[in-house]
Structures are given as C-alpha cells and as structure tokens.
Amino acid sequence: MTDKVRLRIAPSPTGDPHVGTAYMSLFNKAFAHRHGGSFVLRIEDTDQTRYNPTSVGEIIDSLRWLDLLPDEGPGIGGEYGPYVQTERRELYIKHAHELVDMGHAYRCFCTSARLEEMRREQAARHEPPRYDRHCLRLSPKEIERNLSEGKPYTIRMLVPDEGTTSFQDLIRGEISFENKVLDDQIILKSDGLPTYHLAVVVDDHYMEISHITRAEEWISSTPKHILLYNYLGWELPKFAHFPLLRNADRSKISKRKNNTSLKWYREQGYLPEAMINFLALMGWSMPNGEETFTFEDVKREFTFERMATSGPIFDLVKLTAINGKYIRTLSDEELYERLLPYLPEDLDQERVRRAVPVIKDRLTTLGEFAELTGYLFGPPPDYDAAGLVPKKGTPEAARAALERIRDLLAGLPEPWSHEEWESGMRGIAAELGLKAGDIFMVLRVAVTGSPVSPPLFESIEILGKEETLRRVDAALAKLG
RNA sequence: GGCGCGUUCGUCUAGAGGCCCAGGACAUCUCCCUUUCAAGGAGAAGAUCAGGGGUUCGAAUCCCCUACGCGCUACCA
C-alpha cells in the first residue's frame, strides 16, 4: 500500500446515470486532484438481474458532460483494471474460499425458501432478522455430501459474537457497532458472483483506494467491511460517509419524487457548471462564504471537515435559480453556441443570434429558448380577438389603434430607430385617448400572440417590417 | 422492533464558548426601474439555534436524556 491518494465512485449500471453519482464524483475528483491523486470509476455490476447494458456508457457520458471524467475506468484505461466487477470474479471467488479456509467464512446451503421462513418466524417473535447459522453447524461430512450432490451454496462471513468494531469517519467522527448486532452476511452468491460487501473490499484493496467515500446509507455495513479487511490482513483505508441527498419529504432521493437522471438535467438545458455549483452547495460551502464558484474552487478548498452531516433536500428551484444566473453571465456568443444543441438545425441562425440578447435575461434553462422565442421563427400562437382589446377599451378602439400602428410602421424608414417608433406609438395613444401601455399591448398581442412576451421593439426589429405588418393585418382580420 | 446517523429561517447553509437577542443565498412580500414578462436595485418578513437537563462568569457551539426525522436490517447496491 502506498500513500497515494486514490478515490473512486462505484455506481451500479442499473438505470439512468444518477445525480448522486455526480455528487460523489464532484467531491471525489476534487479531493483526489487536490492531493495529486487519482479519481477512479468502477462499475459494480454484480447484480445481474438489474443490469442495464446502456448504463455504463451513459454514466461516462454524463460525467464527461459535467467535466468530471475519471482518470481511470472502463473504456478510459488505467493500471488497476479491469474496472468492471463481473470481469474480476475469479478474484472474489479466490478470497471467499480463502476466508472459508481460514475459518472466517462458511458455506451456506440454505434455500431462499428456508431463509424466508426463518425471517418470517423471527418477525413473528419480534426478533431482529438474522441468519440463524444453521449451516455453520454442519459437520464436515454433511458439507462434503452437499458438495458432492452439487447443492448450490453461498458463502457467508462469520461475524464474531463479542466485541465491537469501530472506525473513524472523516466526516462524522467515531462510529462503533457491537459485533453481535451484525449478520453473517452473504459475501458470495450462489451464482458465483460476490455481493457488494466482498466485492467492494477486494476491489478497493487491489485498486489501492485510499479514501472510501459513499453515501451515509452505507454506514451500517462498514463494520462488516472492516472485519473483512482484518480477516484478509489488509490495511484499512479511510472512510467518509457523505450525507444522503433527500426528497422534499426528507426521504432518500428517488426518481419517484425527483428528477434523479443526469440525462434529464442535460436535456432540460441546465449548464454543467451550474449543476456543479449547486451540488457543491449540498452539505458543503466555501470557507469564504462565496456561493458562486467553480469546480476549480472546490478542488482548491475541499476538505472533509467542512462537509455537513445532515442530508440536504435537493431543491430544483434553487438549482434553476443558479442556472439562470450562470446563463446571464454568458456572453451572447457563448450563449448562442450553448443553445445550438437545443435547437432544430433548420432554424434561421442569424435570427437565433439576434434573439439571444433579447431572451437572455428570461432564460432559466437552455431548453426554454425554443418555446420562449417560437413567435420569432414561425407564426405567433393563436390567440383570442378579445386579447387585442385594451382593458377599458372597445374592439373599435383596438381596430383604430392597429390601423394607425400599421400606417406608422409602413411609413417608417428601414431601419428605424427605437425613438422614432416609440414616439410614434405614444402619439397614437394620445390621439386615441388611450394609455401608452394599452397601445403597446395591442401590438404585443398582434405580434407575439401573447400579453406576456420578450421586448416588443426588439421583436419587431427581428421580424422585420414586412412580417410585422402581416401580423398586424392578421390581427385586424381577427377583430372582424 | 434492533442498530446506526442526524436535528440553526420554508429550503441550502455560516457559525468550531463571548464578535450571534444568529449572517448569507434561494423562495416569499413591498418598493424602484419599466410598453408586458424578466433581469437589475433597495427593503421587509422569516430560526426562542428540536425540547429538557447539566458544565461554565458566559453555550447554537461541550456533556447527558428525550422527541422527531432518515438510513440499514436481501443470494440489491
């Protein structure tokens, strides 16, 4: 074991790339790199029933999107591979049997049916569900017979009846468990693949992981892992259990109650740097109190000591606010570039460029651009003729206003200035005894199809005189 | 039920014995700006620091108890 700093994330390829994976990656990569170490990706695919073949690629894509790519991992390379657990099965089998030989583990031939029955009875007696060690009492002869009959078996670790197992958590301090509350956990399944508990210990050892970071849901299995390290005679890594991201009801974050897929955030148009900033604010903060910062800042400042212990609620509203803030700091050109993946390719690019500065302050995600600016690239959404009529006005007033606006626009030189247009508009309002706001509203609805829209003048400018006039005529026709 | 972890404004947090009758951000509300909506600016409201006991001249900060929340309790991770 060296004193190299090596951290890893170990997601299971069971579904969409999870926001929790990004959360852990952020701090792991920051800490590893801060100390000149490596950040590793390992795929924990020992549960074949939940395996999803597209998942690994999507996890990597998502990490690349967030600029959190690992230094080592499947498809990335590294000297500690393979980085996929099913490709390492011989290693687990070897150590599982080694543990059996040492008397620290034993074969269990119990069927799932018997185990279920056992648990049912324990529940009925209000006892904690634990393996009753039926197979620990098997004689060598019985074991021999079961083996020769080809009975399937699992391997369970043997937990001491007495004593306590404790460890120093980098985030939470000392945590200890009485060994008697620990179960004789299955470490090798009957399909020959390890359970998490064995695989994680073996891999973290061989991959020379120096700091084991994971969510707090793993705290209660840590003593089992420590026991395994001790049985195997391996040096203990450091442990840090991070707070669990929560739903609004404080339960563990789930896709039922939250958008947990990183693909979703990308599709909506959240900026990776906003995502990073938001995630870093969950349970952590900059020493100087700064709330807007980058990955580089986290890398420079991250320490386990500053990590909070209680699980933060994942608040989409705050993420969205941060995202809007990041969008506003982008230059028009940058924003244009970032918008491209979210737009149909056949959109008039020149028009998109001109729409960018107009819409920037109103964007909260990149994905909103298309809907917010739809009227600039096609006909305005259909609206009711009543929408053209000023609050205290009549359809006749709206008609008179539109006719004069049409004449005003038609008579304006091309290009015309905001000033000459606005004074013309105000003149019409005065002439008709309407408020300026009413006049602008009539035009706004005629041009954008909605009483709520991006700035009117800029919109007209982008659409051009001809198209604007067409829309005014359409509005007139609507009024009948 | 057992074991473990946690508990500062609605939310994210600052706070490591006196600087705190608790600061910032998001959200909310008001005002300003303004042709709508935003953005921006200025304000307001919002936490008896879960509750109760200690320790101390002094506690959000240290200790104990209680309550509540969450997690684990699978041949899932």
Side-chain angles (χ1 to χ4, degrees), chain A residues 10-14 44-50 108 110-112 115-116 119 122-123 125-130 152-156 169 171-172 175-178 180-183 185-197 199-200 214-223 241 243-244 246 248-252 278 281-292 305-306 308-315 317-322 324-325 328 359-364 372 422 425-426 429 435-445 448 450-457:
Chain A
S12 290
T14 55
E44 311 222 325
D45 59 345
T46 56
D47 184 355
Q48 293 293 288
T49 62
R50 294 198 304 157
C108 175
C110 292
T111 60
S112 335
L115 294 175
E116 272 170 42
R119 277 191 281 267
Q122 288 169 334
R125 276 180 266 127
H126 299 288
E127 286 173 12
R130 287 183 67 203
Y153 65 89
T154 61
I155 291 180
R156 289 181 182 273
D169 188 278
I171 294 174
R172 293 155 203 277
I175 299 178
S176 75
F177 293 82
E178 292 197 59
K180 67 180 181 199
V181 307
L182 270 25
D183 200 2
Q185 191 68 233
I186 288 176
I187 56 176
L188 196 73
K189 297 184 275 192
S190 57
D191 65 359
L193 283 169
T195 58
Y196 173 80
H197 309 286
V200 75
R214 40 157 74 136
E216 61 180 316
E217 56 185 331
W218 293 107
I219 291 176
S220 38
S221 47
T222 301
H241 289 94
L244 203 48
R246 314 277 188 107
D249 63 5
R250 299 219 168 263
S251 55
K252 174 163 88 164
F278 171 69
L281 250 11
M282 305 270 89
W284 191 76
S285 58
M286 287 280 282
N288 65 3
E290 183 57 63
E291 303 193 19
T292 302
E305 294 70 54
R306 281 195 73 76
T309 47
S310 62
I313 290 172
F314 188 96
D315 182 10
V317 173
K318 179 148 182 175
L319 201 212
T320 304
I322 291 175
K325 197 168 180 171
R328 274 171 256 128
I359 211 71
K360 187 150 78 174
D361 285 347
R362 293 162 181 77
L363 276 189
T364 212
L372 254 28
E422 183 169 347
M425 288 290 283
R426 288 183 186 282
K435 285 196 284 192
D438 290 334
I439 289 289
F440 287 111
M441 186 53 78
V442 173
L443 218 212
R444 181 183 307 283
V445 173
T448 71
S450 166
V452 175
S453 80
L456 224 206
F457 178 77

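Numbered from 1 within each chain, the chains take letters A, B, ... in sequence-line order.
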For [N] and [M], measure between their [atom1] atoms and round to the nearest Å.
N     : M     : atom1 : answer
B:G71 : B:C31 : C1'   : 47 Å
B:U36 : B:G43 : C1'   : 25 Å
B:C21 : B:A27 : C1'   : 26 Å
B:C75 : B:C70 : C1'   : 27 Å
B:G51 : B:U8  : C1'   : 15 Å
B:C20 : B:G15 : C1'   : 9 Å
B:A45 : B:G2  : P     : 46 Å

inquiry  = Looking at the base of B:C37, is there any donor atom on it, or on the side chain of A:R362, that sits under 3.5 Å from an acceptor on the other one?
reply    =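 Answer is yes: a donor-acceptor pair is held.
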**Prompt:** Under 3.5 Å, is there an N or O donor on one side and an acceptor on the other linking the side chain of A:S190 and the base of B:C75?
**Reply:**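 Flag set: donor-acceptor pair detected.
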Using side-chain heavy atoms (C-beta onward) and a distance below 4.5 Å, is A:P455 in contact with A:R362?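 They are in contact (side-chain heavy atoms under 4.5 Å apart), so the answer is yes.
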message: The criterion is salt bridge (Lys or Arg N to Asp or Glu O under 4.0 Å); which residues satisfy it with A:R426, sequence neighbours excluded?
response: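 With neighbours one apart ignored, the set is A:E422.
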| field | Test salt bridge (Lys or Arg N to Asp or Glu O under 4.0 Å) applied to A:K360 - qualifying residues, sequence neighbours left out | value |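 Checked A:K360 against salt bridge (Lys or Arg N to Asp or Glu O under 4.0 Å); matches are A:D332.
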Interface with RNA chain B, restricted to residues 214-222 of chain A and to heavy atoms under 4.0 Å: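 Hits under 4.0 Å, by residue number: A:E216, A:E217, A:W218, A:I219, A:S220.
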